[in-house]
Every structure is written in C-alpha cells, then in structure tokens.
Engineer: 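Got a structure for you, written out below as structure tokens; questions coming shortly.
A quick note: this is a predicted structure, and the numbers were derived from the prediction, not measured. Proteins come first, then strands; the chains are lettered A, B, ... in the order of their sequence lines, and each starts at number 1.
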Protein chains: 2
Amino acid sequence: MFSIGQLSKRTGVKIPTIRYYEQMGLIDEPERSEGNQRRYTKDGLSRLSFIRHSRDLGFSVEDIRGLLDLSQHPEKPCSDAHSIAAQHLQDVQSRIAKLRRLERELKRITKCDAGNVAACAVIETLADHGLCETEH
Amino acid sequence: MFSIGQLSKRTGVKIPTIRYYEQMGLIDEPERSEGNQRRYTKDGLSRLSFIRHSRDLGFSVEDIRGLLDLSQHPEKPCSDAHSIAAQHLQDVQSRIAKLRRLERELKRITKCDAGNVAACAVIETLADHGLCETEH
DNA sequence: TATAATTCCTCTAGCCACTAGAGCTTCAAG
DNA sequence: CTTGAAGCTCTAGTGGCTAGAGGAATTATA
C-alpha cells in the first residue's frame with residue numbers, strides 16, 4: 001500500500017495532479033486509511049504510470065481515457081489503439097510544421113541590427129504583414 | 001470610423017477577441033457611438049493588426065505588450081525588441097525539438113501491426129517506459 | 001416610415017490540464 | 001506525548017480565448 005506521496009514519487013506525477021486524475025475519472029477512487037487518507041495498490045501504481053507516460057507522449061486526457069479502456073480489454077483490435085496514436089502523430093507533425101514556419105520567420109526578423117526601434121525590422125515586420133516572406 | 005465588426009473583418013481578429021484585448025489593456029478603449037457601440041479609427045486598426053500579426057508569430061500577450069510599447073517609442077534601442085524576439089525564437093526551437101522527439105517515438109510505436117491489444121506495441125509501450133528508445 | 005434582419009452591448013461561464021493556497025486533520029518518529 | 005511532515009477538502013487562478021443569454025442599437029428592405 002502506498003500513500004499518495006509515495007505514489008507521486010514513484011511515478012513523477014505531482015500530488016494535486018493525482019487527485020485531479022481521480023476527479024476526472026482516469027483513476028479509480030482508492031481505498032482510504034482509517035483517517036481518510038488515500039492508500040494505493042500496485043495496480044493503482046501501474047495505471048498511473050501508464051497515464052504519466054501517455055501524457056509525456058503528448059496524448060490528451062480524452063485519448064488516454066480511450067487507451068486505458070483498450071488496455072483493459074486485450075481482446076479488442078489493435079487498430080483502435082493504432083488510430084488514436086496515428087491521429088496524435090499527425091497532430092504532432094502539423095504542429096512541428098507550423099513551428100518551423102515560425103522559426104524561419106523569426107530567424108529572419110531577428111537578424112536586424114538597426115540602432116533604434118524606428119528602423120528595427122522586428123517592429124517593422126510586426127506592423128506590416130506584407131514584409132513577411134511566408135504565410136503563417 | 002469602423003464598427004467592431006468591420007475591424008474584425010479587416011484584421012481577421014474575432015469580435016470577442018477584440019473586446020478581450022481591450023479588457024487586457026492591449027488596445028485603448030475606443031470612442032463610442034451615441035448608442036454606446038465601439039467606433040474605431042485607423043490607428044486602432046493598425047494597432048490591432050500589429051497584435052494580430054504578433055500573435056500569428058506566436059508571441060505571448062505579455063511579449064506583445066512590450067513590443068507595442070517599443071513601437072510607440074522609436075528612439076529606444078532596437079536591442080529591446082530584438083531580445084524579446086530572440087527569446088521567443090529560442091522557445092519555438094525548444095518546442096520543435098521536443099515535438100520531434102515525440103514524433104520519433106510515436107512513429108516507432110505506431111508501426112505495430114499486431115491483431116489485438118494484448119500484443120499491441122502502442123499499449124505495451126505506454127505501460128512500460130522501459131520500452132522507449134529515447135527520453136522525453 | 002415601419003418593420004425586419006443584422007449587428008452590437010454586457011455579463012457570466014467554459015475550455016485544457018493542471019497549480020497554488022487556505023485552513024484543517026492525520027500520521028510517523030523520537 | 002509532542003512535533004513536524006504529510007494528508008485532507010475546497011476554492012480560485014493560469015493563458016488566450018470562445019460560447020451563450022438576454023437585451024439594445026443600427027441598417028436594410030418593403
């Protein structure tokens with residue numbers, strides 16, 4: 001049996017976040033001590049680790065809900081899990097693409113070495129979209 | 001003089017967002033019509049365009065506050081604007097780096113073509129961080 | 001000019017995934 | 001038995017909007 005603090009240390013999930021996940025229904029309400037403190041089992045630990053790892057990989061809480069549900073039903077088709085992950089991969093890739101466009105534009109405008117704001121490319125570019133090289 | 005709707009169309013900023021910016025102090029409170037509706041000038045238009053463009057480039061509202069302030073003081077050193085933009089560029093780059101790590105991991109795990117969840121690499125990997133190739 | 005359609009107003013609440021803090025209770029070590 | 005750490009619940013705040021209610025003003029059409 002682990003206290004919430006021990007669970008937190010073992011999984012790297014902060015205590016208020018654990019309680020938040022419980023509220024959101026991602027983890028079951030654990031048993032309580034006589035004094036009403038949460039007491040977790042190994043099952044609770046591995047479920048929370050799963051969640052932690054999924055969050056690290058950027059899955060949303062809703063996605064995780066689905067993935068957890070799948071993990072409880074080993075006979076279901078793998079394609080369900082696959083499509084959640086593939087969709088997420090697409091999201092990540094489109095975010096990367098967008099950020100790379102930003103990066104290019106920011107690199108360009110930060111090259112400016114004017115003396116004061118009056119001639120500064122940063123300010124000028126922001127004031128006038130027409131000065132941009134690419135769309136964003 | 002523009003109504004808020006006209007301003008919205010010309011800048012591409014949604015109406016509630018314009019009112020939100022006003023509340024946040026990014027744009028001045030405009031004059032009002034007799035019937036209490038907002039009436040904007042060309043100055044209001046260009047200030048909002050500046051904000052829109054800065055948001056498109058991913059600057060935070062706080063950054064924009066600083067950039068707007070600089071743009072009103074053309075005699076200030078360009079380096080102030082430069083450092084806001086350079087810091088933002090760094091943020092963007094580190095976000096890209098992080099997303100690329102995610103992308104690699106997600107690509108790897110979505111390659112799985114098992115039949116059911118019991119053998120699915122997606123679920124397996126989420127349950128056990130040890131199966132990951134890289135840190136994240 | 002009357003009416004209908006559209007736009008605008010303020011205010012409150014919701015989104016995501018937490019995080020912080022107040023004020024209190026319980027637990028574990030010495 | 002005391003003390004200090006750790007736990008409890010509850011509320012509110014973060015960023016950057018977005019949605020909706022309920023009403024007033026403006027504009028377009030008949």
Side-chain angles (χ1 to χ4, degrees), chain A residues 1-27 29-40 44 48 50-68 84 87-88 91-92 95 98-99 102 136, chain B residues 1-27 29-40 44 48 50-68 84 87-88 91-92 95 98-99 102 136:
Chain A
M1 290 297 222
F2 314 108
S3 70
I4 197 170
Q6 289 166 334
L7 196 68
S8 170
K9 276 210 183 92
R10 277 171 180 257
T11 58
V13 180
K14 288 183 187 153
I15 291 173
T17 305
I18 297 175
R19 292 197 275 245
Y20 168 76
Y21 288 155
E22 182 183 322
Q23 230 186 305
M24 295 299 101
L26 280 193
I27 56 184
E29 294 187 18
E31 289 180 34
R32 300 284 184 132
S33 72
E34 285 186 8
N36 198 35
Q37 301 194 351
R38 290 170 177 82
R39 291 294 177 260
Y40 296 92
L48 186 57
F50 186 103
I51 295 170
R52 168 73 208 265
H53 195 194
S54 305
R55 286 293 303 138
D56 282 350
L57 286 168
F59 287 99
S60 72
V61 164
E62 277 321 295
D63 280 351
I64 296 173
R65 216 184 283 281
L67 291 167
L68 277 169
I84 294 175
Q87 177 59 58
H88 179 48
D91 288 355
V92 167
R95 271 192 280 160
K98 184 163 185 211
L99 286 172
L102 289 194
H136 40 252
Chain B
M1 289 298 221
F2 313 107
S3 70
I4 197 169
Q6 290 166 333
L7 195 68
S8 171
K9 275 209 184 93
R10 278 172 180 256
T11 57
V13 180
K14 288 183 188 153
I15 291 172
T17 306
I18 297 175
R19 292 197 274 246
Y20 168 76
Y21 288 156
E22 182 183 322
Q23 231 187 306
M24 295 297 100
L26 281 193
I27 56 184
E29 293 187 20
E31 289 179 35
R32 300 283 183 133
S33 73
E34 286 186 8
N36 198 35
Q37 301 195 350
R38 290 170 177 81
R39 292 293 176 260
Y40 295 91
L48 186 57
F50 187 103
I51 294 170
R52 166 75 209 265
H53 195 194
S54 304
R55 286 293 301 138
D56 282 350
L57 285 169
F59 287 100
S60 71
V61 164
E62 277 320 297
D63 280 351
I64 295 174
R65 217 184 282 281
L67 291 167
L68 277 168
I84 293 175
Q87 177 59 57
H88 179 48
D91 288 355
V92 167
R95 271 192 281 162
K98 184 163 184 208
L99 286 171
L102 289 194
H136 38 253

Engineer: Please name all residues satisfying ring-ring contact (aromatic ring centres under 6.0 Å, His included) with A:F59, sequence neighbours left out, ordered by chain then number.
Structural biologist: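 If we apply the ring-ring contact (aromatic ring centres under 6.0 Å, His included) test to A:F59, skipping adjacent residues, the hits are A:H88.
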Engineer: In a table with atom names and distances, give each donor-acceptor pair under 3.5 Å that connects a side chain of residues 11-20 of chain B to protein atoms at least two apart or in another chain.
Structural biologist:
{"from": "B:T11", "atom 1": "OG1", "to": "B:L7", "atom 2": "O", "distance (Å)": "2.8"}
{"from": "B:T11", "atom 1": "OG1", "to": "B:V13", "atom 2": "N", "distance (Å)": "3.2"}

Engineer: Return a single string for nucleotides 10-23 of chain D, one symbol per nucleotide in 5' to 3' order, where B is base contact, S is sugar-phosphate-only contact and - is none, cutoff 4.0 angstrom on heavy atoms.
Structural biologist: ------BBB-----
Engineer: Can you name the salt bridge (charged side-chain N to carboxylate O under 4.0 Å, His left out) partners of B:E62, sequence neighbours left out?
Structural biologist: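 B:R65.
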Engineer: Distance check needed: D:dA25 C1' versus B:R32 CZ, whole Å only.
Structural biologist: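 Taking atom C1' of D:dA25 as the reference, CZ of B:R32 is at 13 Å.
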Engineer: Just how far is it from atom CD of A:Q37 to atom CD of A:E34, taken to the nearest 0.5 Å?
Structural biologist: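 If we round to the nearest 0.5 Å, A:Q37:CD and A:E34:CD are 11.5 Å apart.
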Engineer: Assuming nearest nucleotide by heavy-atom distance, tell me which of B:S33 and A:G5 is located more 5' along DNA chain D.
Structural biologist: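 Its nearest nucleotide being more 5', the pick is A:G5.
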Engineer: Check A:P30 against A:Y40 and note the closest heavy-atom contact, atom names and distance.
Structural biologist: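 Minimum heavy-atom contact is CG-CE2, 3.5 Å.
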Engineer: Got a sec, which residues hit side chain to side chain donor-acceptor pair (under 3.5 Å) with A:R38, two or more places apart in sequence or on another chain?
Structural biologist: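 Once residues adjacent in sequence are excluded, the partners of A:R38 under the side chain to side chain donor-acceptor pair (under 3.5 Å) criterion are A:E22.
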Engineer: Which atoms form the tightest heavy-atom contact between A:Y21 and A:I51, and what is the distance?
Structural biologist: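 Looking at all heavy atoms of both residues, the closest pair is CE1-CG2, 3.7 Å.
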Engineer: Does anyone know the first and last nucleotide of DNA chain C in reach of chain A, 5' to 3', at under 4.0 angstrom to a heavy atom?
Structural biologist: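 Result: C:dA17 to C:dC27.
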Engineer: Quickly work out the A:Q6 CD to D:dA6 P distance and round it to whole Å.
Structural biologist: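 It is 11 Å, rounded to the nearest whole Å.
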Engineer: Any side-chain heavy atom of A:R10 within less than 4.5 Å of one from A:F2?
Structural biologist: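 Yes; the side chains approach each other to less than 4.5 Å.
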Engineer: CD of B:Q37 versus C1' of D:dT27: gap in Å, rounded?
Structural biologist: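 Distance, rounded to whole Å: 10 Å.
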